[in-house]
Amino acid sequence: MSIIDVTSGTPTAFGSGVKSGPAKAPVAATLGTTAPNSGRNGTVDTVSLSTDAVRAMEAGTISFTVPKADAAAAKDPVAARMETMLARRDYDLKQADYMREAMGMLRQTLNLPEDQPIFLGGAAHGLLDRLAAKNGLSKPELPDALRAAGAKDPFAEDADAETGVIGVGMPNSGKELQVVFDRLGLAGRSTKTDDPLRMIALTDGNGRGGALLGAIKGGTLGGLTDTRPGQGANLWAVTDGDGGPNARVLASVRSVGMDDVATGMATNLLKGLKGLFDGT
């Protein structure tokens with residue numbers, strides 16, 4: 001897949017401008033009666049016992065059933081906290097190992113150098129998990145102790161998100177490139193056509209820029225695309241057409257100090273994403 005940059009030169013900074021029933025009378029139980037006893041003032045105290053109680057007294061066996069305490073409630077709170085802490089430590093170590101291996105696979109797939117920091121968001125986490133599973137790497141399961149404490153997989157909701165972002169940075173420079181992609185749009189396109197996408201700079205002098213920027217902000221890409229002006233940032237829309245009213249915006253590219261490599265890096269990233277969609 002290729003991307004055609006349909007603008008010339010470096011773009012300027014963008015962004016200007018049941019009811020209860022009646023109570024029943026108690027039902028009288030069958031009672032046995034012991035001999036009356038005289039009180040101090042001549043009164044008679046009568047104690048009535050049920051038939052079962054009388055039989056138990058005659059047999060000399062009276063027993064009481066004490067309900068068992070709930071196992072969870074009976075657990076020592078300190079022991080419970082320690083179990084949760086150990087489960088968290090073990091899970092975090094396994095998750096760190098998993099992410100290190102999975103990110104290595106992603107770097108290789110997307111041709112990203114080891115010395116460039118990268119970050120993921122949204123659907124990119126789902127793609128990472130599918131890539132790892134395809135290569136035989138299992139994602140660690142959240143322990144029961146952590147589930148009971150209310151913990152969740154931090155990236156579980158991202159697996160089926162509509163949009164994702166992959167960011168690439170240059171160490172100790174403040175330079176970065178962010179590519180936000182429409183997962184459904186790219187996945188659908190990958191089975192239909194190999195026509196090149198077009199990367200259109202959203203500059204103040206570009207008549208199509210306003211409409212495309214509006215499409216980004218109001219569409220699925222808006223939640224992850226940083227459209228703030230300033231910071232020396234420039235923004236492109238990646239479309240499946242010439243930028244006209246019927247073109248779909250499938251990705252956005254934001255550059256801070258990386259304009260000279262933005263087109264090439266965006267092309268490689270989107271080409272790699274297309275390959276992941278095709279293979280998953």
Please step through side-chain hydrogen bond (donor to acceptor under 3.5 Å, both in side chains) for the pair Asn268 and Asn111, ending with a clear verdict. CA-CA 7 Å; Asn268 288 333; Asn111 298 314; 5.5 Å; no
Looking at [Y], is its backbone amide N or carbonyl O close enough to the side chain of [X] to form a donor-acceptor pair, meaning the two atoms are under 3.5 Å apart?
| X | Y | result |
| --- | --- | --- |
| Asp240 | Arg248 | yes |
| Arg198 | Val238 | no |
| Thr225 | Gly222 | no |
| Asp182 | Leu184 | yes |

Calculate, to the nearest 0.5 Å, the distance between atoms [atom1] and [atom2] belonging to [X] and [Y] respectively.
| X | Y | atom1 | atom2 | answer |
| --- | --- | --- | --- | --- |
| Arg147 | Lys152 | CZ | NZ | 10.5 Å |
| Lys134 | Leu276 | NZ | CG | 7.5 Å |
| Glu83 | Asp144 | CD | CG | 9.5 Å |

For Gln95, I'd like to know if atom CD has over 12 heavy atoms of other residues, nucleotides or ligands within 6.0 Å.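 Yes, enclosed.
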Considering only residues two or more places apart or on different chains, which pairs with a residue in residues 164-179 satisfy salt bridge (charged side-chain N to carboxylate O under 4.0 Å, His left out)?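 For residues 164-179: Glu176-Arg254.
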With the side chain counted from C-beta on, respond yes when Gln178 and Val168 share a heavy-atom pair under 4.5 Å apart, and no when they do not. no
For [X] against [Y], the heavy-atom pair lying closest together:
| X | Y | result |
| --- | --- | --- |
| Ala266 | Met199 | CB-SD, 4.2 Å |
| Gly122 | Asp158 | O-CB, 3.1 Å |
| Leu128 | Ala102 | CD1-O, 3.4 Å |
| Ser252 | Leu221 | N-CD1, 4.1 Å |

Start with the C-alpha distance between Val253 and Leu235, add both sets of side-chain angles, then the distance that settles side-chain contact (heavy atoms from CB on, under 4.5 Å), and finish with yes or no. CA-CA 6 Å; Val253 179; Leu235 190 69; 6.0 Å; no
Using the side-chain contact (heavy atoms from CB on, under 4.5 Å) criterion, which residues pair with Leu224? Sequence neighbours excluded.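 If we apply the side-chain contact (heavy atoms from CB on, under 4.5 Å) test to Leu224, skipping adjacent residues, the hits are Thr163, Val165, Val180.
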Does the pair Asp97 and Lys94 meet the rule for a salt bridge (Lys or Arg N to Asp or Glu O under 4.0 Å), with working shown? CA-CA 5 Å; Asp97 288 341; Lys94 290 179 179 178; over 6 Å; no
Which residue in the set Asn135, Leu127, Leu131 passes side chain to side chain contact (heavy atoms under 4.5 Å, CB included) when paired with Thr109?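 For Thr109, the side chain to side chain contact (heavy atoms under 4.5 Å, CB included) test succeeds with only one of Asn135, Leu127, Leu131, which is Leu131.
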